[in-house]
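Working notes for the structure below.
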Amino acid sequence: MNIKYQSIQGERSESGRSDTVTYYGTREEMTALMEEQQISPASSGRKVVSAAVSQSDGDLWQCEIRYQNTLGNLNVAAPDDSYGKKSAQLSCGMLSMPLESHPDYRANWNYYLGARDDVLQIPAWWKDAKNLLLEGDDAEKFKWIKSAGELPPGKDADGRTWRIMAEPQKPGMESYDVATYQVTESAKFPSPARAGKMICGKLNRISSPDQTFGITGGNWKCDSASVSWNGKYWIATLSYTRSGNAEGWDGDLYGGGKS
């Protein structure tokens, strides 16, 4: 099924804008296309007002579809609803991220500070340390740990015992929620095989939806895919989730690179 050459026409009047598109294909395809059109109520803005099938040349048939936009807005871009053409929907949701990925992360949020018994004060770096790396004399006297069970039992090689010097500032927290965007794309097809081709190889892999609604930064990963029958045609649907930060989804884990 294709759009007939030089068949697209547009008109503007006091009642708004109207446009006509003519498709061609087999009689069965054109009849099915006509039956799929939803004649919308007058209050719906851009709507299908008529659909007509006629014979063109030989075995070719055509379906002329006329649209009207009663809102009269020439800048509104309506999606193409023909076979294989994707329509998109934007939504927002929450994504759980590791606490360590937070831009303001501090090691003392979710780690205890263990210390030898000869250490009397919490070190100044405890407040702002961003990682668990300890160097020099500090590595001999302190340990970042998740639980008291990680402290050396009894006395160490130097005859010292260990204790908890400082508890986590955010105990029990290992993740945090970030608001992110989700794009769901769908398209209709005349057969399950063609619908399946749209979703094949996309699930749980880095890829970008055709329509991102102007959202920039990070990257996208396909998180769900489905094919269903609605009684008239096959619907293929893909849902994408934007990464929780500018680093993007990890290309080593999800393929496709980081951008």
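FYI, the numbering just counts along the sequence from 1.
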Can you confirm whether more than 12 heavy atoms, excluding those of [X], are under 6.0 Å from its [atom1] atom?
X: Gln55; atom1: CD; answer: yes
X: Lys197; atom1: NZ; answer: no
X: Lys202; atom1: NZ; answer: yes
X: Tyr181; atom1: OH; answer: no
X: Asn230; atom1: CG; answer: yes

> What do the steps show when you test Leu132 against Leu134 for side chain to side chain contact (heavy atoms under 4.5 Å, CB included), and what is the final call?
Replying inline: CA-CA 6 Å; Leu132 308 181; Leu134 297 173; over 6 Å; no
Validation row: [X], [Y] side chains within 4.5 angstrom (heavy atoms):
X: Met97; Y: Tyr176; value: yes
X: Thr180; Y: Met94; value: no
X: Asp118; Y: Arg160; value: yes
X: Trp61; Y: Thr26; value: no
X: Ser175; Y: Pro98; value: no
X: Leu238; Y: Thr184; value: no
X: Arg205; Y: Cys222; value: no
X: Ile164; Y: Leu113; value: no

Please answer: with hydrophobic residues joined when any side-chain heavy atoms are less than 4.5 Å apart, are [X] and [Y] in the same cluster?
X: Leu133; Y: Phe142; value: no
X: Met165; Y: Trp126; value: yes
X: Trp109; Y: Ile122; value: yes
X: Tyr67; Y: Met30; value: yes
X: Ile206; Y: Ile215; value: no

> Run the side chain to side chain contact (heavy atoms under 4.5 Å, CB included) check on Ile3 and Ile8 step by step: do they pass?
Replying inline: CA-CA 8 Å; Ile3 296 177; Ile8 300 176; 4.1 Å; yes
Flag for [Y]-[X]: side-chain donor and acceptor within less than 3.5 Å:
X: Asn108; Y: Lys127; result: no
X: Lys4; Y: Gln62; result: yes
X: Ser224; Y: Ser239; result: yes
X: Asp138; Y: Trp125; result: yes

> When you measure from the centre of the six-membered ring of Tyr233, is the NZ or CZ of Lys188 under 6.0 Å away and within 45° of the axis?
Replying inline: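 So Lys188 does make the cation-pi contact.
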>> For the residue pair Arg242 and Trp220, would you count it as a cation-pi contact if the rule is NZ or CZ under 6.0 angstrom from the ring centre and within 45 degrees of the ring axis?
In response: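 Pair Arg242/Trp220 does not count as cation-pi.
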> Can you list the steps and then say if Trp234 with Arg194 is a side chain to side chain contact (heavy atoms under 4.5 Å, CB included)?
Replying inline: CA-CA 9 Å; Trp234 294 91; Arg194 287 179 59 180; over 6 Å; no
> Can you list every side-chain hydrogen bond (donor to acceptor under 3.5 Å, both in side chains) pair that touches residues 161-174, not counting sequence neighbours?
Replying inline: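 Sorted result for residues 161-174: Asn110-Glu174, Asp117-Thr161, Lys146-Glu174, Asp156-Trp162.
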> Between atom NZ of Lys155 and atom CZ of Arg116, what is the distance when rounded to the nearest 0.5 Å?
Replying inline: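 It is 13.5 Å, given to the nearest 0.5 Å.
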> How many angstroms lie between atom NZ of Lys86 and atom OG1 of Thr237, to the nearest 0.5 angstrom?
Replying inline: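 The OG1 atom of Thr237 is 11.0 Å from NZ of Lys86, to the nearest 0.5 Å.
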>> Per the salt bridge (charged side-chain N to carboxylate O under 4.0 Å, His left out) rule, what does the pair list look like for residues 91-114, sequence neighbours excluded?
In response: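 The answer is Arg106-Asp128.
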> Do Trp249 and Tyr240 have their ring centres less than 6.0 Å from each other?
Replying inline: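 Ring centres of Tyr240 and Trp249 not closer than 6.0 Å.
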>> Show, in sequence, the C-alpha distance, side-chain angles and deciding distance for Thr20 and Ile65, and conclude whether the side chain to side chain contact (heavy atoms under 4.5 Å, CB included) test is met.
In response: CA-CA 6 Å; Thr20 302; Ile65 302 177; over 6 Å; no
